[in-house]
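Scroll down for the structure; my scribbles are underneath it.
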Amino acid sequence: MAADPRFFPAGSALTLAEAAAAAGGELVGGDPELPITGVGPLQSAGPAEVSFLDNRRYAGQLAITQAAAVVLAPEMLAKLPEGRAAIVTPHPYLGFGRIARALHPAAAPRPGIHPSAVVDASARIGQGVEVGPLAVIEAGAEIGAGCIIGPHAVIGAGVVLGEGCRIGAHTSLSHCIAGRQVVLHPGARVGQEGFGFAVTPEGRFETMPQLGRVLLGDFVELGANACVDRGSQTDTVLGAGTRLDNMVQIGHNVSTGKGCVLVAQVGIAGSTRLGNGVQMGGQSGISGHVEIGDRAQVAAQSGVMSDVAPGEVVGGSPAWPMRETLRAFAALRKLAGTKPPAKPTP
Amino acid sequence: MAADPRFFPAGSALTLAEAAAAAGGELVGGDPELPITGVGPLQSAGPAEVSFLDNRRYAGQLAITQAAAVVLAPEMLAKLPEGRAAIVTPHPYLGFGRIARALHPAAAPRPGIHPSAVVDASARIGQGVEVGPLAVIEAGAEIGAGCIIGPHAVIGAGVVLGEGCRIGAHTSLSHCIAGRQVVLHPGARVGQEGFGFAVTPEGRFETMPQLGRVLLGDFVELGANACVDRGSQTDTVLGAGTRLDNMVQIGHNVSTGKGCVLVAQVGIAGSTRLGNGVQMGGQSGISGHVEIGDRAQVAAQSGVMSDVAPGEVVGGSPAWPMRETLRAFAALRKLAGTKPPAKPTP
Amino acid sequence: MAADPRFFPAGSALTLAEAAAAAGGELVGGDPELPITGVGPLQSAGPAEVSFLDNRRYAGQLAITQAAAVVLAPEMLAKLPEGRAAIVTPHPYLGFGRIARALHPAAAPRPGIHPSAVVDASARIGQGVEVGPLAVIEAGAEIGAGCIIGPHAVIGAGVVLGEGCRIGAHTSLSHCIAGRQVVLHPGARVGQEGFGFAVTPEGRFETMPQLGRVLLGDFVELGANACVDRGSQTDTVLGAGTRLDNMVQIGHNVSTGKGCVLVAQVGIAGSTRLGNGVQMGGQSGISGHVEIGDRAQVAAQSGVMSDVAPGEVVGGSPAWPMRETLRAFAALRKLAGTKPPAKPTP
């Protein structure tokens, strides 16, 4: 399936040799001068498109693909039918992505401020910034060079964005310092008041002033409608390269290390700290004031209520070490007289 | 309780006979010329209002209702007290809804483009379209006849909407082709980038270009703040009549058949495929690359990690066939020395 | 850590004596005339800042804090090192919050309607109201004195807001009557159509007209991207002082009593009723048509499918009384030959 030109304007085609170079791979077979106009999955890529094989489960599709060439790992080359071309690299998925990006570069900013945008006179707008229709940029905000501020985005007073950020439609940011190339997808909420209050002797709730900020490291990405509350007295921090999928919830004072991956609808309660490279499956949660070690993994839908050691894999609600959870479910299933459970995956 | 006229302008009243006709039912007893001005539940409907009985649990309320007439099924007619009126139909809830709709028709579009809206010169706006204040319609978008585009909605470049769509406040659509009478409630997000990236040898994440679209079938409805990511190489597809409640998450490349019902806060991970008529309870989830058969049912909060056969009912996290899950919980409860569990419902 | 002046303009400093008065506490030791410029946690508060101790777990930090004074309870005074100052009150967290608020008052409305806002001529705007850029206020809406309407907020036709409400960026309200000092954080959705439909004999879904409203009591607060659907025939009601964290979902016809606390990503299905002071942990859910008694507690991630008595504590999915759930998990863990579970907390 070629990309719909209504949404993905065709760039210049690459030659097959250029595609291999973009992928950082070696072309094996095929005409180096063949024009490549798109990418696609093995089963639907056309003769002017490049495909990829990253999972040996799908190796059978090599026999039927029409693709001009398949990006694959050296050990899969033997499975390629006679007369077909390959781009060989130890990182086929990455290489394939780079070919796709070369064919369909991300939209560059169209510098200028749309006349309908409301930009405070004291805001500092960097070079080459695009400010979309009806965006609002409040007093004292600083927008780094080359940022794209989408339609209806609201950049609150004093917010700082580094260079090259892409801020989606309908997003709001306040009390936030962001690094460079930070991406917010539509509807993401950053810097609003955290959920903190004291109870009066009469039983009423009084909001605790939330006096911290949100610090977003370079390359951080937030999914659509995701929420990151600002800190109460310390800051809420997302380490460089951390990615949040849609509707992830980050409570006040939470911090993550670098390169964490939080899948859709994850929730992290206040003051919990994640190390580097932590991965959390969809709909999982962590309660407040907990420490999660580097590279720990939390299975989808599980609920973590105590510290997790570096590298540990936990699952279930309450979350236990994954092996114990699997054993417990197997035991339960046996007790109930049924077959062994399907194996949960993190 | 009569509908608040501040929000629901009273239409013309119906006669009781007209109400019966709207319901597709037969009037039994009552004055056919009686003016009906509203609808209401059995316990609060007034003497100029129509009510309904759909669940025999509530049959006792027939004795006390003040309603002008009760829409009910033939087999409930015997329970109606002497001297009361009924509208008899095999589909009382549907019939009641049609009377309510006749009394309170959905707001028709008020054709015209609000002067504050930002509409690209190349967008094609169909006949009778209402474009609300501060809406944005980008280059090349096509808006079908009779659509209502709410305040602050953003219709991205090239997006196509069929006839009669209702697009709520603060929604965003990009990379999307929608059929007719599609409804988006406020804050729904359609067509943003999916959550896909490759890892470089240095451990950094690189976004995989997301080159697919979102295809929304006729009559599809998305709840407030729901999110539907566009496909990566194929399309994300919601079949005709499928309804998503608030804050449902649909990952890239997911497809559903016709008439699926996904209750609030459901999440479906990438590339999973649902058949026709699949129902998922609130806060349930399905992992990626899984097949769910026609008319399967997934209980609230359950987590599906493997294929589900057509018509199967599954529950629990991890989800097992509902009967096994119930047996397992019963066994667990017995083991712990407690009473049998309350019966979960899908 | 002092509050970042880019986001929290320094108010006038308090003297230590004024701080004690703001906290409703007694100053013990310290110079009553010492200027206090901020607040902070024990381990990072500076010598011109006030801190607090609310949990005896952290009493050890009293030995090392640099704070000018520590707000604490009478029984902790003995643990204060020689020569340090305290503000003594039976409610240290509350007192501390009041000092923080005195130093950093909530932003007052800047009266006036931004020229880019779209306000219908028939809307009634109270005294001293601030209407932000690009906000939309529709026909017949009534905005109470001293409200702050944020940028891009949409106040639907006929909506009524009491005095002193703070309505965040990108929020939408329709079909809603709100009391005074109601707070909506960015992206909150109030009053949209509930998820209700009838099935036709042909198997199509027809939306049931949703003819109720949303009633928000005084001091109600909704988190970012939270959703409250309007009632179908009755109203959806949130009792005075009830607080919803981010992305909480409230179905049509739900009602809560006063002072309920619903943590992030909670979901409550249609027509369920909560008493006063009910607390629900993050990601928990309640199915439809259920009654939850006063001051009941629902643990994080649990799933309630039947009535809960006043004061009861429930957990698990399906939710059982917490003690039974804990016993069941302990039994399961023993069965699987592992250590006893970490203790879940509500």
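These numbers come from the heavy atoms of this one structure, side chains and all, not from hydrogens, waters or symmetry mates.
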Under 4.5 Å from any heavy atom of chain A, what part of [X] do you find: side chain, backbone, both or neither?
X: B:V118; value: side chain
X: B:V248; value: backbone
X: B:E138; value: side chain
X: B:E142; value: neither
X: B:A157; value: backbone
X: B:V266; value: backbone
X: B:V160; value: side chain
X: B:R323; value: neither
X: B:T171; value: backbone

Check: A:Q301/A:S284 side-chain N/O donor and acceptor closer than 3.5 Å: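 Result is no, nothing qualifies.
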Segment of [X] engaging chain B (4.5 angstrom heavy-atom cut-off):
X: A:Y93; value: both
X: A:L94; value: both
X: A:R243; value: both
X: A:L103; value: neither

Aromatic A:F219 / basic B:R204 pairing, under 6.0 angstrom, 45° off normal: yes
Within-4.5 Å side-chain heavy-atom neighbours: A:H104 and B:L211: yes
Check: B:I137 and B:V131 side chains under 4.5 Å, non-hydrogen atoms: yes
Kindly compute the distance separating [atom1] ([X]) from [atom2] ([Y]), expressed to the nearest 0.5 Å.
X: B:L161; Y: B:R124; atom1: CG; atom2: CZ; value: 12.5 Å
X: A:R189; Y: A:L184; atom1: CZ; atom2: CG; value: 10.0 Å
X: A:F96; Y: A:I87; atom1: CZ; atom2: CD1; value: 10.0 Å

Sidechain N-carboxylate O distance under 4.0 Å for A:R101, B:E206: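 Judged by the 4.0 Å cut-off on N to carboxylate O distance, A:R101 and B:E206 do not form a salt bridge.
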Carboxylate-amine/guanidinium proximity below 4.0 Å for B:E193 and A:R166: yes
Contact leader toward chain A among B:S174, B:C176, B:A226, where contacts are heavy-atom pairs under 4.5 Å: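 Between B:S174, B:C176, B:A226, the count favours B:C176.
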Residue among B:M247, B:Q192, B:H175 with most heavy-atom pairs under 4.5 Å to chain A: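 Answer, by heavy-atom pair count under 4.5 Å with chain A: B:H175.
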Between A:G316, A:G315, A:P151, A:G241, the one whose heavy-atom pairs under 4.5 Å with chain B are most numerous: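 Most pairs with chain B among the choices: A:P151.
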Check: B:D245 side chain, B:A264 main-chain N or O, donor-acceptor pair, under 3.5 Å: yes
